[in-house]
**Student:** 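Starting off with a structure, shown below.
What's counted below: heavy atoms across the whole structure, side chains too, no hydrogens, waters or symmetry copies. Lettering of chains follows the sequences in order, A, B, ..., and the numbering in each one begins at 1.
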Amino acid sequence: MSVIVDRETRLCVSGITGREGRFHTLNNRAYGTNVVSGVTPGKGGQDVEGIPVFNTFRAAREQTQANTAMIFVPPPFAADSILEAADAGIATIIAITEGIPAHDELRVYTHLRRAPAVRLIGPNCPGVLSPGKVNVGIIPAAFFREGNVGVVSRSGTLTYQVGHELAQRGFGNSSIVGIGGDPVPGSSFVDIIDLFEADPETELIVMSGEIGGDAEEVAAVHIAAHISKPVVAYIAGFTAPPGKTMGHAGAIVSGSKGTAAAKAEALEAAGVRVAKTPTQVAEIAVELLGG
Amino acid sequence: MSVIVDRETRLCVSGITGREGRFHTLNNRAYGTNVVSGVTPGKGGQDVEGIPVFNTFRAAREQTQANTAMIFVPPPFAADSILEAADAGIATIIAITEGIPAHDELRVYTHLRRAPAVRLIGPNCPGVLSPGKVNVGIIPAAFFREGNVGVVSRSGTLTYQVGHELAQRGFGNSSIVGIGGDPVPGSSFVDIIDLFEADPETELIVMSGEIGGDAEEVAAVHIAAHISKPVVAYIAGFTAPPGKTMGHAGAIVSGSKGTAAAKAEALEAAGVRVAKTPTQVAEIAVELLGG
Amino acid sequence: MDLLEYQGKQLFARHGIPVPAGEPARTVDEAIAAANRIGYPCAVKAQVQVGGRGKLGGIKLASDEHQAREHAEAILGMDIKGLTVRELWIEGASQIEAEYYASFVFDRGAKAPLAMLSTRGGMDIEEVSTQTPEAIASLHIDPLLGFQPFHGRRLAFEAAVDADLVAPVGDFLARLYSAFVGEEATLVEVNPLIVTPERTLIALDAKVTLDGNSLYRHPDNAQLRDLSSEDPQERMAKERDLTYVKLDGNIGILGNGAGLVMSTLDVVAQHGGAPANFLDAGGGSKAEAITAAVEVITWDPGVKAVLFNIFGGITRCDEVARGLIAAFEQIKPTIPFVVRLDGTNGEEGRALLAAAALPNVHAASTMDEAAALVVELAK
Amino acid sequence: MDLLEYQGKQLFARHGIPVPAGEPARTVDEAIAAANRIGYPCAVKAQVQVGGRGKLGGIKLASDEHQAREHAEAILGMDIKGLTVRELWIEGASQIEAEYYASFVFDRGAKAPLAMLSTRGGMDIEEVSTQTPEAIASLHIDPLLGFQPFHGRRLAFEAAVDADLVAPVGDFLARLYSAFVGEEATLVEVNPLIVTPERTLIALDAKVTLDGNSLYRHPDNAQLRDLSSEDPQERMAKERDLTYVKLDGNIGILGNGAGLVMSTLDVVAQHGGAPANFLDAGGGSKAEAITAAVEVITWDPGVKAVLFNIFGGITRCDEVARGLIAAFEQIKPTIPFVVRLDGTNGEEGRALLAAAALPNVHAASTMDEAAALVVELAK
């Protein structure tokens with residue numbers, strides 16, 4: 001088992017005819033992902049190494065039964081592409097694009113909340129890898145193998161680092177999920193942790209957070225109340241300089257929330273083991289699951 | 001039992017200090033409705049015959065535990081007042097106001113769909129009467145008494161006519177619900193018919209429709225599939241002149257839908273008894289329930 | 001409120017929608033002057049608030065002044081689906097490479113605006129819709145999200161718009177939606193939306209229906225009501241705040257509340273009568289409204305008998321009775337009235353009427369009885 | 001992107017928000033000239049992109065030219081929370097009857113804009129928020145529905161705004177929200193929002209943070225970046241498309257991906273080291289980006305050793321190695337480098353580095369080992 005993407009995944013890539021989109025799509029297909037179609041307005045009827053390209057997500061879904069979308073278009077077009085995928089009835093949307101305007105993200109997030117059947121991962125995320133099965137996105141799959149540790153992370157390369165440390169201790173992963181570092185991620189730690197809780201293959205959940213926002217604090221409360229599986233957390237940013245904040249609104253809203261220390265404290269209070277370094281994540285995993 | 005309003009109803013009236021609002025609020029209270037508060041911005045702290053007035057719905061709900069709102073403000077302010085009541089956590093909103101701009105109604109409707117816990121009746125409706133218990137709105141309660149016929153109607157005075165015919169044959173009502181004649185009613189025939197189906201007191205459901213839209217056709221399909229109680233329908237507008245329609249969009253969208261004949265046919269096909277006159281509604285009721 | 005074509009085009013122009021230049025004209029001379037300024041060939045177009053005028057000869061192309069005069073004379077005063085043409089719109093003729101169709105309409109069923117686009121626009125669009133419905137691409141717009149770029153692409157690709165026009169059509173639809181929302185219309189329709197030989201898009205026609213309830217927010221639009229093209233009796237009713245629609249029969253009908261009035265028409269028809277009008281005196285009808293209503297109804301010389309069907313809710317029957325009594329004093333109608341008063345203060349109302357003993361006024365105790373009686377009296 | 005006060009006010013004015021008239025000045029002479037044009041009393045205000053300058057002496061009132069000179073001389077060049085004042089804003093002094101506070105901020109937790117209003121605005125608003133939080137009314141706005149009239153009323157009544165100002169405050173907030181959305185800000189803050197003796201509202205200050213990702217849609221706003229007030233090294237990094245933040249330590253840090261760089265800082269600190277910077281070379285870092293990064297890091301003479309921590313995903317380690325080799329050729333750094341290369345093409349990268357045998361470059365095989373080594377080397 002795995003979460004979000006699995007052998008049922010039929011992937012349609014928005015931006016498949018772009019340089020990056022094409023490269024990673026073919027990479028994903030080479031890994032074993034069932035890439036059924038792509039979307040590029042105006043290039044319908046063409047193909048990318050045999051993958052048919054459509055003008056709209058609707059046509060792609062109807063003609064290739066795509067159930068998962070990967071968004072690889074530049075920021076000015078990404079929010080629209082996400083909305084189009086959702087409108088077309090695509091249930092899982094994984095948005096890699098970095099740099100989408102914040103108000104666009106807010107509108108997309110608010111709109112998609114009305115359609116709870118749609119799951120958005122990202123934007124500004126490395127995607128989802130279910131090792132040994134499917135890779136959707138840009139996670140370098142070669143470093144990971146199938147196993148029982150579920151990883152969820154706000155950061156890209158830090159995810160690889162954490163996964164790599166686990167791999168060196170012999171652990172594999174059920175799925176590795178990058179939820180992205182943007183202010184308004186489509187899916188939160190809580191959403192993904194719930195999926196891992198329900199996934200029979202996952203025996204340990206690793207979450208990798210960082211300073212800013214309160215997603216980790218919210219996750220801590222949720223884990224304490226609802227999660228039975230062991231959770232190991234790592235938080236980056238203890239040494240990060242405090243940002244210069246404009247005005248007072250930020251301070252009024254957040255108080256002391258959002259610092260790495262506050263997050264680590266909240267997680268520990270919820271019974272989550274918090275590692276001090278990526279290496280320690282793997283050490284704790286050994287402790288909890290055995291070498 | 002009854003639907004929508006009952007002895008638990010704690011009513012807060014928006015526009016209570018206006019002439020009409022005041023008149024009908026006091027009328028409702030005289031009937032036995034528990035009117036706990038009113039809202040008029042800028043008149044917080046005043047009272048209307050002992051009913052405290054607040055500046056906002058939020059304050060009214062917090063301080064008087066209002067659970068139902070009646071909207072009696074003029075059209076330019078009505079949509080905002082509905083949104084305010086919903087934002088304040090009022091679960092049932094009955095909007096009497098006639099003449100709200102269509103795009104306002106559309107925005108309100110679309111927004112409230114996201115909060116399924118909020119039920120909007122109206123706008124442009126006479127309200128809801130549960131005879132012998134509670135009256136919220138402008139239905140002349142004196143003509144109706146408690147009983148086992150649930151009435152739902154798009155029209156005001158036609159509702160009274162139908163109810164009166166039933167009353168003359170000795171029938172009382174569980175509730176009489178005016179859903180309003182506007183293009184975008186907050187609650188549909190289907191919504192209210194489901195409530196009557198679940199209401200143990202209701203043994204017969206009477207629906208009174210009219211030309212325009214497809215609410216009756218949709219209800220017909222729903223009744224055939226989900227409703228076990230007998231339903232009698234009356235449709236007004238067989239003799240109404242066809243409207244002069246601008247352009248072709250209307251014809252393309254609706255085809256032959258929306259005529260009184262099409263509605264009656266759809267309902268009969270769904271096993272609903274369709275009366276030709278208000279008087280016949282009562283005659284069919286006698287047939288179905290016995291004199 | 002339905003706009004005339006040229007009013008619709010002026011409204012479109014405010015939202016950046018390309019429309020041909022033109023001038024309105026109310027007389028043949030004005031039309032010629034306009035045509036001479038615009039140049040030939042030009043189109044002479046009947047301004048009536050109804051669809052399908054092209055097929056009925058309401059739009060003609062003039063290649064010179066002589067033809068312009070001929071067409072203006074023919075079209076002014078013409079009857080199109082019951083409406084008299086009192087105004088023309090003269091505009092430069094456009095070169096047409098293709099005729100598309102585009103519209104946004106308030107879809108009651110879906111409770112959302114419906115967008116429609118077809119590359120088979122022109123006079124036969126309704127036929128296209130019944131015979132090859134797949135030639136009309138359509139989708140609903142979430143009013144809170146608004147029209148998105150992907151909506152435009154989906155419509156354009158599904159309607160099989162020429163490849164070079166996919167982006168321009170999307171842009172056109174976005175502007176049309178902005179007019180639909182910004183002006184609070186319930187319909188904006190462009191048929192034909194033409195493609196010129198230069199591959200640009202122009203709205204060659206404009207059908208716009210504005211939401212009357214929203215006009216208080218759009219004072220400019222509120223000015224556009226074309227009183228001159230309305231039926232004088234309907235205008236008289238509107239000035240008195242009554243909802244009146246003229247019908248073909250001889251029995252005047254008055255009731256309170258649209259549903260009850262419609263039901264009254266039906267019951268009269270079932271008894272073999274022919275209603276002369278629909279008149280809703282409104283909720284809470286006061287004596288003055290009733291008096292005004294009697295005036296409007298009896299203004300039609302074809303009315304042979306009148307049925308008053310009132311079920312009082314907010315409306316009080318004693319007020320209705322007082323209004324009827326006042327009307328008889330002022331207007332002194334000679335045709336028979338059947339009056340059914342029930343509901344709030346029904347007894348008081350009936351007592352007042354009985355005491356007034358108005359000439360040729362018959363009381364009825366039920367709607368059915370009243371309908372039967374009025375049909376008898378109108379014979 | 002943070003705006004200066006006067007830039008924020010110009011942006012506010014576009015949305016109909018009342019702001020005092022004024023002029024910017026970059027020298028004492030410009031300030032005097034502006035003050036003389038504006039008249040006295042006038043306010044001399046430091047333009048820095050940080051809050052709390054009033055308390056730190058960055059805002060002074062001048063009642064004549066002499067005072068204006070005194071204040072301009074004192075404030076220009078002043079250090080406010082690490083920022084040097086390079087620009088002033090001179091504006092006519094306003095008469096203040098009351099100081100309110102109003103803002104909209106992008107609330108990440110709630111994933112919605114948060115509106116805040118208080119009648120206790122002014123310099124102590126943060127204190128108000130901790131000691132009497134109920135004095136700040138707040139609510140979240142649904143971004144698809146937008147700011148509604150009831151939001152304004154709710155905030156105004158809950159903040160206990162004077163009765164005559166409830167409607168004006170609602171209107172002010174609606175305009176402020178329109179600026180927030182229309183300019184794609186993540187913060188718009190007015191403190192103080194003053195009430196004048198004539199009972200009008202004026203935005204006496206403006207704090208605006210724009211979303212950098214949206215600037216391509218707002219070319220006017222994109223021009224507003226005040227390069228002069230930025231740290232020259234940070235500017236150098238920005239010109240090279242690198243994300244760089246200067247810190248106080250002596251160990252230069254480079255990594256790919258913000259999370260990994262933050263983690264690297266932490267691990268270095270845990271080993272007793274003090275990072276000199278945060279530098280994210282970005283995903284897919286190419287050789288040129290790496291070369292530029294070395295240039296930026298080593299430009300700081302305080303840096304005693306550098307740690308390269310790369311885990312290749314899109315980034316290929318051989319590209320990083322090539323960039324590092326090129327940098328050494330161009331810049332010839334003399335301080336020690338510790339390089340940890342792992343992930344995509346890690347072996348190739350490590351082989352290239354080993355072959356190049358760069359002077360004073362040490363390979364490490366894990367992040368932990370690399371951190372320990374660089375701390376040792378920096379001593």
**Student:** For E369(C), is there an ion pair with R340(C) - N to carboxylate O distance below 4.0 angstrom?
**Tutor:** no

**Student:** Pick one of side chain, backbone, both or neither for R217(C), based on which atoms fall under 4.5 Å of a heavy atom in chain B.
**Tutor:** side chain

**Student:** Checking side-chain contact (heavy atoms from CB on, under 4.5 Å) between F180(C) and each of V208(C), V105(C), V188(C), L173(C), which is the one that passes?
**Tutor:** V188(C)

**Student:** Please lay out, stage by stage, how D107(C) and H140(C) fare under the test side chain to side chain donor-acceptor pair (under 3.5 Å).
**Tutor:** CA-CA 8 Å; D107(C) 183 353; H140(C) 287 102; 2.8 Å; yes

**Student:** If I measure from the heavy atoms of chain C, does A102(B) come under 4.5 Å with its side chain, its backbone, both, or neither?
**Tutor:** both

**Student:** Given that the side chain runs from C-beta out, which part of H111(B) has a heavy atom under 4.5 Å from chain C: side chain, backbone, both or neither?
**Tutor:** both

**Student:** Which residue is it: V5(B), I192(B), T159(B)? I am looking for the one with a side-chain contact (heavy atoms from CB on, under 4.5 Å) to V177(B).
**Tutor:** I192(B)

**Student:** Taking side chain as everything from C-beta outward and backbone as N, CA, C, O, which of these in T279(B) sits under 4.5 Å from a heavy atom of chain C? Side chain, backbone, both or neither.
**Tutor:** side chain

**Student:** Check whether P133(C) gets within reach of chain B through its side chain, its backbone, both or neither, counting any heavy atom under 4.5 Å.
**Tutor:** neither

**Student:** Who wins among A141(B), P75(B), P278(B), G156(B) for the most heavy-atom pairs under 4.5 Å with chain C?
**Tutor:** P278(B)

**Student:** What distance separates F171(B) CZ from F144(B) CZ, expressed to the nearest 0.5 Å?
**Tutor:** 14.5 Å

**Student:** If you count heavy-atom pairs within less than 4.5 Å of chain C, which of P183(B), S153(B), P185(B) leads?
**Tutor:** P183(B)

**Student:** Under a 4.5 Å heavy-atom cut-off, does chain B meet the side chain of A371(C), its backbone, both or neither?
**Tutor:** neither

**Student:** Check each atom of Y160(B) against the heavy atoms of chain C and say whether the ones under 4.5 Å are side chain, backbone, both or neither.
**Tutor:** both

**Student:** Let me know if F311(C) has heavy atoms under 4.5 Å from chain B in its side chain, its backbone, both or neither.
**Tutor:** both

**Student:** Looking at T110(B), N27(B), V162(B), which one has more heavy-atom pairs under 4.5 Å with chain C than the rest?
**Tutor:** T110(B)

**Student:** Side chain from CB out, backbone as N, CA, C, O: work out which of these in D205(C) comes under 4.5 Å of a heavy atom of chain B, or both, or neither.
**Tutor:** neither

**Student:** Looking at R107(B), H164(B), E105(B), which one has more heavy-atom pairs under 4.5 Å with chain C than the rest?
**Tutor:** H164(B)

**Student:** So among V320(C), I253(C), T264(C), which one has a side-chain contact (heavy atoms from CB on, under 4.5 Å) with F308(C)?
**Tutor:** V320(C)

**Student:** Quick one: which of E210(B), E20(B), E165(B) has the most heavy-atom pairs under 4.5 Å with chain C, could you say?
**Tutor:** E210(B)

**Student:** Could you look at Q270(C) and say if it's the side chain, the backbone, both or neither that has a heavy atom under 4.5 Å from chain B?
**Tutor:** side chain

**Student:** Please state whether the side chain, the backbone, both or neither of P126(B) comes within less than 4.5 Å of a heavy atom of chain C.
**Tutor:** neither

**Student:** Does any heavy atom of chain B fall under 4.5 Å from the side chain of A274(C), the backbone, both, or neither of them?
**Tutor:** neither

**Student:** Using only heavy-atom distances, determine whether the side chains of T186(C) and T209(C) contain a donor-acceptor pair under 3.5 Å.
**Tutor:** no

**Student:** Using non-hydrogen atoms and a 4.5 Å limit, figure out which bit of N191(C) sits close to chain B: side chain, backbone, both or neither.
**Tutor:** side chain

**Student:** If you draw a 6.0 Å radius around CG in D79(C), do more than 12 non-hydrogen atoms from other residues or ligands fall strictly inside?
**Tutor:** yes

**Student:** Would Y234(B) and S263(C) count as having a side-chain donor-acceptor pair, cut-off 3.5 Å?
**Tutor:** yes

**Student:** Go through the atoms of F104(C) and report whether side chain, backbone, both or neither lie under 4.5 Å from a heavy atom of chain B.
**Tutor:** neither

**Student:** State whether a side-chain donor-acceptor pair under 3.5 Å links S188(B) with D191(B).
**Tutor:** yes

**Student:** Does any heavy atom of chain B fall under 4.5 Å from the side chain of D342(C), the backbone, both, or neither of them?
**Tutor:** side chain

**Student:** Do S214(C) and Y216(C) meet the criterion of a side-chain donor-acceptor pair at a distance under 3.5 Å?
**Tutor:** no

**Student:** Below 4.5 Å, heavy-atom pairs only: which of I138(B), I139(B), D182(B) has the largest tally toward chain C?
**Tutor:** I138(B)

**Student:** Answer yes if the side chains of D368(C) and H271(C) hold a donor-acceptor pair under 3.5 Å, and no otherwise.
**Tutor:** no

**Student:** So does E347(C) have more than 12 non-hydrogen atoms from other groups sitting under 6.0 Å from CD?
**Tutor:** no

**Student:** Do N256(C) and T157(B) pair up side chain to side chain, a donor and an acceptor below 3.5 Å, judged on atom types alone?
**Tutor:** no

**Student:** Name the region of F238(B), side chain, backbone, both or neither, that has any atom closer than 4.5 Å to a heavy atom of chain C.
**Tutor:** both

**Student:** Can you say whether L106(B) sits under 4.5 Å from chain C via the side chain, the backbone, both, or neither, judging by heavy atoms?
**Tutor:** both

